Amino acid sequence: GVPIALHIFFFQTVASPPSSNFLLLGPSGAGKTAFTTLLEAKSSLASNKSHSTHTSQQSTLVTVALPPTVPTGSNRYRSVNDPSLKEAIRNPIKYRIKDTPGHGKLRASQGISELQTMSQSKDIKTKLRGMIFMVDTAALVDEATLRDTATYLHDVLLFLQKRAKNGSSSKRTTEVPVLIAANKQDLFTALPPGAVKENLEAEIDRIRKSKTKGLLDASADTGLEDEEEILGNDEQEAFSFKLLEHEVGVKVDVVGGAVKGDLQEEFGSGVRRWEEWVGMCL
Ligand code: GDP
């Protein structure tokens with residue numbers, strides 16, 4: 001028969017094609033490059049390859065492995081004795097993560113267009129499973145940074161809302177879940193995830209209000225009906241991620257973590273809870 005080693009090799013390369021794609025967005029300096037580099041280093045895959053260096057000017061697509069002990073959506077209640085855990089150790093689940101640059105001018109063109117391309121793909125190999133929006137929770141105390149971050153997030157979520165609306169006729173489009181990775185929780189100046197969520201919601205609410213007001217002024221001038229959509233639809237209610245989920249079906253989770261620093265006790269390995277979120281999408 002086939003030698004065992006060859007068998008295992010074949011199984012590992014063929015049995016789990018990296019068909020689940022995640023897009024990583026967020027402002028510059030949030031820690032996206034550090035995160036993808038860490039995931040690559042953690043993956044056993046990385047040991048076979050020469051280490052790639054990332055620049056923050058270009059999108060990079062890397063294939064990484066989910067730690068075997070992280071349960072997946074299709075395998076939620078995996079216990080230590082579960083045979084599927086052994087299988088996961090032997091043949092780790094892989095996924096692909098695309099890091100995009102976050103610089104002011106570049107991000108609108110690259111980040112959103114990347115989202116557009118990936119989310120429209122019908123090919124199972126390039127289909128978008130989830131979106132990770134990374135923020136620097138220590139930098140968010142600064143008002144300008146908060147506004148900048150919330151504007152970017154608003155635009156991304158509005159894109160997903162429009163996509164959800166257009167796709168509702170065909171059952172094939174599934175909503176892309178969003179993880180707000182509240183990074184740098186190791187810094188003592190960092191806002192806790194709950195506050196990050198509240199601040200982003202409040203800021204997005206302000207952005208929505210000023211957009212509606214701008215539209216009203218514009219339509220008063222021109223007499224045109226405003227056709228621009230409002231994020232979360234219901235403009236009477238204050239914006240919240242819950243409203244977005246309720247109105248549009250796009251689910252947003254805010255989860256704390258840290259790419260750098262020692263957070264063993266509070267956050268597992270610092271990025272563990274984000275990997276658990278990824279696992280739930282698989
Ligand atoms: P990007 O622009 O989003 O790709 O951000 P980078 O990955 O280049 O990270 C920006 C800076 O933040 C770098 O100096 C990282 O070392 C640092 N950094 C990233 N994650 C963390 C973290 O969890 N804690 C701390 N303290 N620093 C971090």
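Predicted model, so just to flag it, every value in this text is computed and none were measured. In this chain, numbering begins with 1 at the start of the sequence shown. Atoms within each ligand, like the ligands themselves, are counted from 1 in listed order.
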Is a salt bridge present between E275 and K42, judged by a nitrogen-to-oxygen distance below 4.0 Å?
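Counted as a salt bridge, because a side-chain N and a carboxylate O are separated by less than 4.0 Å.
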What atoms in ligand 1 come closer than 4.0 Å to a heavy atom of L187?
26 (N)
Within ligand 1, which atoms have a heavy atom of A34 less than 4.0 Å away?
7 (O), 19 (C)
Flag [X] as yes when one of its N or O atoms lies below 3.5 Å from any N or O atom of ligand 1, and as no otherwise.
X	value
F35	no
A258	no
Q185	no

Could you tell me whether V259 approaches ligand 1 through its side chain, its backbone, both or neither, with non-hydrogen atoms closer than 4.0 Å?
both
Quick one: does ligand 1 sit under 4.0 Å from the side chain of T33, the backbone, both or neither, non-hydrogen atoms only?
both
Spatial distance of atom CZ (R147) from atom CG (L140) [nearest 0.5 Å]
13.5 Å
Contact check, S28 vs ligand 1, heavy-atom distance below 4.0 Å
yes
Report all side-chain donor-acceptor pairs from residues 236-250 shorter than 3.5 Å, counting only partners two or more places apart or in another chain.
from : atom 1 : to   : atom 2 : distance (Å)
S240 : OG     : L243 : N      : 3.0

Residue pair Q161 / I230: nearest heavy atoms and the distance that separates them
NE2-O, 3.1 Å
Might you point out which heavy atoms bring G256 and W274 nearest each other, and give the distance in Å?
O-NE1, 3.6 Å
Side chains of N21 and R96: any donor to acceptor distance under 3.5 Å?
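Yes.
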Among P27, A181, G31, closest by any non-hydrogen atom to atom 19 (C) of ligand 1
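It is G31 whose heavy atom sits nearest to atom 19 (C) of ligand 1.
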Taking side chain to side chain contact (heavy atoms under 4.5 Å, CB included) as the definition, give me every residue that meets it alongside A150, ordered by chain and number, with sequence neighbours left out.
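If we apply the side chain to side chain contact (heavy atoms under 4.5 Å, CB included) test to A150, skipping adjacent residues, the hits are L200, E203, I204, I207.
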